[in-house]
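Just so you know, these numbers come straight off a predicted model, no measurement behind them. Sequence lines set the chain letters: A, B, ... in the order given, protein chains first and strands last, and positions in each chain run from 1.
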Amino acid sequence: MSDYQFADIENKWRTFWAENGTNKVVEDTTKPKYYVLDMFPYPSGAGLHVGHPLGYIASDVYARYKKLLGYNVLHPMGYDSFGLPAEQYAIQTGQHPRLTTENNIKRYRDQLDQMGFSFDWSREVRTSSPEYYKWTQWIFIQLFESWYNRKSQKAEPIATLVAAFEQSGNEGIDAESDFDQIFDAADWNSMTYEEQERVLQDYRLAYIADSWVNWCPALGTVLANDEMVNGVSERGGHPVEQKLMRQWSMRIKAYAERLITGLDQLDWSDAIKDIQRNWIGKSQGAMVKFQIENHTDCIEVFTTRPDTIFGVSFMVLAPEHPLVNQITTSTYQQEVEAYQKKAALKTERDRQADVKNISGQFTGAFAIHPFSGEKIQIWIGDYVLASYGTGAVMAVPCGDQRDWDFAKHFNLAIKNIFQDQDVSEGAYAEKDAILTDSDFLNGLSYQEASKLIIAQLEAQNLGKGKINYRLRDAIFSRQRYWGEPFPVYYQNGIPKMIDEQHLPIILPEVENYLPTADGEPPLGNAQQWAWDTTQNKVVSNQEINGTTIFPLELNTMPGWAGSSWYFLRYMDAQNNQEFASAEKMNYWKNVDLYIGGSEHGTGHLLYARFWTKFLFDRNFIQFDEPFQKMINQGMILGRSSFVYRIKDTQQFVSASMKNQYETLPLHVDISLVDNDKLDMDGFKKWRSDFANATFICEEDGTYLCGHEVEKMSKSKFNVQTPDELVAKFGADTLRMYEMFLGPVEQSKPWDTKGINGVHNFLRKVWRLFYAQDGSWRVTEDAPSKESLKTLHKTIKKTTEDLDRFSLNTCVSNYMICVNELTEQGCHSKSILQDFIVLLSPYAPHICEELWEKLGYEKGTASFQKFPAFNPEYLVESNYDYPVSINGKMRLKVNLPLTMNPKEIEEFILSYPDAQKWIDGQTPKKMIIVPGKIINIVL
RNA sequence: GCGGAUGUGGUGAAAUUGGUAGACACGCUAGACUUAGGAUCUAGUGCCGAGAGGUGUGCGGGUUCGAGUCCCUCCAUCCGCACCA
């Protein structure tokens, strides 16, 4: 073989690896484990573009590196294969989503295979396969059968709660719950089954309830908060409205505190941790009760500034607040109702956009200040959200800008309770002022006053210290077809779980994927969708009798259900007894390294942590965080090319002259452009309307295109698929090039310009083994000192770089190494074989080939030991000292490293080249760091 | 508005602990070779300058013998959150 025949080599090894199970991994307690995971891909119809594999390459490089270090590495891949796009496609074409999904997966698999990834495909999972979603349904049942005990700070079986209710009611229970009444054992035991179940729903971690949901009419489904961006759906940008619907929810709020504190132990970027903290939105403060004048009810408010209670000059309730109608006096009834109507008409989006417009309405009612006894006006205003806190605020205009604005607008009092602060122009929101005009809080700081006032509130039963979270319970129902069916049927309207042993409940066939005529979700179209409790199977809807055969749930689960636990299934993907065996999960434990985009910060990453903590609480797993370390790869952007058409003509002008004409830039397919030079013939053939195009070219006769960095998309003709590049340069080149582009975490434009350089590098590697005439060059000669130095320098750098995920500089090291070895004429087997092992994580195909050629057993390159670094080879006797004058590097002197600073100083002061700079002056100071630098200060 | 990240040649970038700014690669320039190729080799390539030299890491300050790196102020771009009481 005379030249580097990458296509043959890569084909050969792909086949070999697949046939010999090279990447299969089994549990092995004699080795330390390491779990490297890529974020679950959704197999879209468009296939992979070069941006997708970036993370997979990074994880594959790292997984192969860890394997060489002696770890037993779990590196699996699978598909998050339920989801909206397949269903939307089904609605349009009538094709079953299962078929399109399967086709897409095939395409993904082909593309992944050609990249040479070391995935253990025997562990592949698909969320849409019944073998998998059987266990998603099973976990749902466990959540349904659990409640959150705040005393033990963990989830417990619902049976323990029922037992407690039977014993002594709910008074001694501290649970995460929406149930706010007190009952005793007698009350509980006298309730009917339905009544008891309704109570329990308020405690279960998976529960059904009427909730205000984000309803997206265009998609025909509800959306979770994280599936919305700026009031419209994340997918498609459709409008979203608030709607009260009976929905399944997950009581993720129970875990709010643990989801925050758990972040401290994780090796994630600050950006992602902040996004999660922000989303959970913890705020510390107090609940305060305000008595309403001439009324038995109280208004409860949540405030983070209980210290400012003497600055309260009015109260504001959300227009939807349940007390509004009761307290409004007849004088104001009309105005209040009008305002409520107006507020209700506004969409969430309008309310957000309308921040500047202050609006509100006095109710005519007054509250009594709990300490001063003063009368305080009660207003309603839409700047107070019904869904946060208690839906009511105590307004302290001197300390809160929104309250201040409201007070100014309606001419309400602004009482100043901050010493030496001016609040005439705006509120003073800092927490560093000393209180004044605040009765027993006078002279105190925020810290001291808050503590004291909370103690007083609690002593007088007027309120209590309280921590509030912004995080909402997660809506778990979707009105879609292509998702996991719930293992739930309804008996007299009460949801009941189907027994575990009858799972999975298989997604039924339907005639069409749209909602039914009477607005039921698509599963309402199914003919066979009823549960027979005697036969324990799904039967025809015709048979529903209300005694033994009942209707099944028509909603399906959201996309995040399957992806919240998939990393566990990889540990034991074929298990049909359990979701994964305890033994295997105890071996693999949680993911050591998770690579994926940062766009899942508030969705998948939060839900997966929630489910992990839940499974941990219930003793199903032994760890309570799923992903120990995470790296968020940057997005690869497209580099679009443009041609410039002169207005109203078919004449195109080259980029450098485009300003001399009135032009319209047009996207041109990047496959027609090389190095900004346009293939003019190809362009004419590209689209019929360009067939008669003429060009105004550069002097050398080429047409230069302009360019811009944009997201990769079909419409911009800037999509680069890995397929073409693999065909042209090989997978090893593409793998190395994607890493070479820059730090994994950074977003960067895709540009194939540099790929030749990386390809040439691999050819140079080949040339170390084979001469141009095809003869084998490797010798048994003892390596030279220089070559050993080059090799060990590279081992050291490679280790350091891989350990800190500097995957781009690592490629540079290899290049420097090969450049040096080439220059040295090194063909020593002992050097080259170590180098091959070093390089193999990046370029596995060529390394396997050369490894075999070196005479080793076929296909064993990835089972080698990472070469040991020997510092002895790097020991130097001399060092090229940079000599700075006043901190500026001026010259270099080569001196033995044995010289001490005094000897160096003497030498340098008499050194002719240095004297030119010293110019007869006496140095004020000499800084001499042996082995580093000499600095002469004049 | 709040929080986070990023600003270095024509381009992608490197500089790990404060110690030679621009490694490595692309591109470009000049040359060699040649069965004209998207090949290979040699030399050069931050900017200004003929040169000596000057200057240079978003702007402006500071600490230091020495700052891309540490501190302060400001600017730009990107991302997240946003009437959250």
(message) Quick check on RNA chain B: between A:Asn808 and A:Ile933, whose nearest nucleotide comes earlier from the 5' end?
(response) A:Asn808

(request) Taking atom C1' in both B:C47 and B:G38, compute the distance separating them and give it to the nearest angstrom. (result) 32 Å

(message) If only side-chain N and O atoms count, and only distance matters, is there a donor-acceptor pair under 3.5 Å linking A:Tyr842 with A:Thr798?
(response) no

(message) Can you tell me the base-pairing partner of B:C41? Count Watson-Crick or G-U wobble geometry only, both distances below 3.5 Å, and say none if there is no partner.
(response) B:G31

(message) Can you tell me if A:Lys932 touches the phosphate of B:G19, counting only side-chain N or O atoms and a distance under 4.0 Å to OP1 or OP2?
(response) no

For nucleotides 3-9 of chain B, print each protein N/O atom paired with a nucleotide N/O atom at under 3.5 Å, atom names and distance only.
from: B:G3; atom 1: O2'; to: A:Asp274; atom 2: OD2; distance (Å): 3.4

(request) May I ask you to check whether A:Trp766 and A:Phe6 place their ring centres under 6.0 Å from each other? (result) no

(message) Please report the distance, rounded to the nearest Å, between CG in A:Asn760 and C1' in B:A25.
(response) 10 Å

(request) Give one of base, sugar-phosphate or nothing for A:Pro743, where a contact means two heavy atoms less than 4.0 Å apart. (result) sugar-phosphate

Taking only N/O atoms, report every protein-nucleotides 30-38 of chain B pair under 3.5 Å with atom names and distance.
from: B:G38; atom 1: N1; to: A:Lys728; atom 2: NZ; distance (Å): 3.4

(request) Would you kindly give the CD-to-C1' distance between A:Gln772 and B:C41, to the nearest whole Å? (result) 11 Å

Where do N or O atoms of nucleotides 51-54 of chain B meet protein N or O atoms at under 3.5 Å, pair by pair?
from: B:G53; atom 1: OP1; to: A:Lys916; atom 2: NZ; distance (Å): 3.4
from: B:G54; atom 1: OP2; to: A:Arg890; atom 2: NH1; distance (Å): 2.9

(request) Kindly indicate whether the side chain of A:Leu457, heavy atoms from C-beta on, has any atom under 4.5 Å from the side chain of A:Met287. (result) no

(message) So for atom NZ, which belongs to A:Lys796, do other residues, nucleotides or ligands contribute more than 12 heavy atoms lying within a distance under 6.0 Å?
(response) no

(message) Using OP1 and OP2 only, check whether a side-chain N or O of A:Arg470 sits under 4.0 Å from B:A82.
(response) yes

(request) Using only heavy-atom distances, determine whether the side chains of A:Asn813 and A:Lys793 contain a donor-acceptor pair under 3.5 Å. (result) no

(message) Rounded to whole Å, how long is the line connecting atom CG of A:Asp751 with atom C1' of B:G10?
(response) 13 Å

(request) Counting heavy atoms from C-beta on, name the nucleotide in B:C84, B:G19, B:A13 closest to the side chain of A:Arg472. (result) B:C84

(message) For A:Gln377 and A:Trp379, which I'm curious about, is there any donor-acceptor pair between the side chains at under 3.5 Å?
(response) yes

(request) Send over the distance from A:Asn935 CG to B:A67 C1', rounded to a whole Å. (result) 13 Å

(request) Provide the distance between the two P atoms, one in B:U17 and one in B:G7, to the nearest whole Å. (result) 15 Å

(message) Please find the pair of heavy atoms, one from A:Thr304 and one from A:Ser283, that lie closest to each other, and give the distance.
(response) CG2-CB, 3.8 Å

(message) Applying a 4.0 Å non-hydrogen cut-off, can you work out what A:Lys273 is touching in the nucleic acid: base, sugar-phosphate, or nothing?
(response) nothing

(request) Measure from CD1 on A:Ile636 to P on B:A13 and round the result to the nearest Å. (result) 11 Å

(request) Report the glycosidic orientation of B:G80: syn if within 90° of 0, anti in every other case. (result) anti

(request) Verify the contact: side-chain N or O of A:Asn886 to OP1 or OP2 of B:C65, cut-off strictly under 4.0 Å; return yes or no. (result) no

(message) By nearest atom, which of the nucleotides B:C65, B:U40, B:A85 is closest to the A:Val384 side chain?
(response) B:A85

(request) Tell me yes or no: between the side chains of A:Asn718 and A:Ser640, is some donor less than 3.5 Å from an acceptor? (result) yes

(request) Figure out the CG/C1' separation between A:Leu605 and B:G80, and round it to whole Å. (result) 14 Å

(request) Could you verify whether a donor N or O on one side chain and an acceptor N or O on the other, from A:Tyr383 and A:Asp405, lie under 3.5 Å apart? (result) no

(message) Expressed as a whole number of angstroms, how long is the span from A:Lys282:NZ to B:A85:P?
(response) 14 Å

(request) Determine, for A:Asp264 against A:Arg277, whether the closest basic-nitrogen to carboxylate-oxygen distance falls under 4.0 angstrom. (result) yes

(message) Is there a side-chain contact between A:Phe310 and A:Thr308 in this structure, where contact means two heavy atoms from C-beta onward sitting under 4.5 Å apart?
(response) no

(message) Within residues 388-406 of chain A, which residues have any heavy atom lying less than 4.0 Å from an atom of RNA chain B?
(response) A:Tyr388, A:Val393, A:Arg402

(request) Choose from B:C26, B:A25, B:C65 the nucleotide whose nearest atom is closest to any side-chain atom of A:Lys764. (result) B:A25

(message) Nearest to the A:Ile927 side chain among B:C65, B:A85, B:U16, which nucleotide is it?
(response) B:C65

(message) Looking at B:C70, which nucleotide sits across from it as a Watson-Crick or G-U wobble partner, both distances under 3.5 angstrom, or is there none?
(response) B:G62

(message) Less than 4.5 Å apart, side chain to side chain, heavy atoms only: is that true for A:Leu317 and A:Val393?
(response) no

(message) Determine whether the aromatic ring centres of residues A:Phe406 and A:Phe314 are separated by less than 6.0 angstrom.
(response) yes

(request) Decide yes or no for A:Asn808 and A:Leu741: does some side-chain heavy atom of the first lie under 4.5 Å from some side-chain heavy atom of the second? (result) no

(request) Determine the Euclidean distance between corresponding P atoms of B:A76 and B:G58; express it in Å to zero decimal places. (result) 16 Å

(message) Rounding to an integer number of angstrom, what distance separates B:A82 and B:G4 when you compare their C1' atoms?
(response) 15 Å

(request) Hunt down the Watson-Crick or G-U wobble partner of B:U6, both distances under 3.5 Å, from any strand shown, or write none. (result) B:A76

(message) Using atom C1' in both nucleotides, what's the gap between B:G1 and B:G49 to the nearest angstrom?
(response) 50 Å

(request) With sequence neighbours left out, write down each residue that passes salt bridge (charged side-chain N to carboxylate O under 4.0 Å, His left out) with A:Lys789, or none if nothing qualifies. (result) A:Glu876

(message) Taking B:A25 as the reference, what is the distance to B:U45 when you measure between their P atoms (whole Å, please)?
(response) 15 Å

(message) Angle between ring planes, A:His792 versus A:Phe869, binned at 30° and 60°: parallel, tilted or perpendicular?
(response) tilted

(request) Answer with yes or no whether the side chains of A:Ser812 and A:Thr809 bring together a donor and an acceptor at under 3.5 Å. (result) no

(request) Give one of base, sugar-phosphate or nothing for A:Lys796, where a contact means two heavy atoms less than 4.0 Å apart. (result) nothing

(message) My understanding is that a pair needs two contacts under 3.5 Å, Watson-Crick or G-U wobble. By that rule, which nucleotide pairs with B:A36?
(response) none

(message) Roughly how many Å apart are B:A30 and B:U35, using the P atom of each and rounding to a whole number?
(response) 23 Å

(message) Please tell me whether A:Thr602 and A:Gln276 have a donor and an acceptor in their side chains that are separated by less than 3.5 angstrom.
(response) no

(message) Can a side-chain donor-acceptor contact be found between A:Tyr339 and A:Ser359 if the only test is distance below 3.5 angstrom?
(response) yes

(request) Using whole Å, report how far CD of A:Glu599 lies from C1' of B:G80. (result) 13 Å

(message) Go nucleotide by nucleotide along RNA chain B from the 5' end; which of A:Val937 and A:Pro882 gets its closest nucleotide reached first?
(response) A:Pro882

(message) When you measure only distances, ignoring hydrogens and angles, does the side chain of A:Lys753 come within 3.5 Å of the base of B:U11 through a donor and an acceptor?
(response) no

(request) Pick the C1' atom in B:G46 and in B:U8, then give their distance to the nearest Å. (result) 10 Å

Any protein N or O atoms within reach of nucleotides 21-24 of chain B? Criterion: under 3.5 Å, listing atom names and distances.
from: B:A23; atom 1: N1; to: A:Ser812; atom 2: OG; distance (Å): 3.3

(message) Would you say A:Tyr469 and A:Glu257 are linked by a side-chain donor-acceptor pair, where the criterion is simply a distance under 3.5 Å?
(response) yes

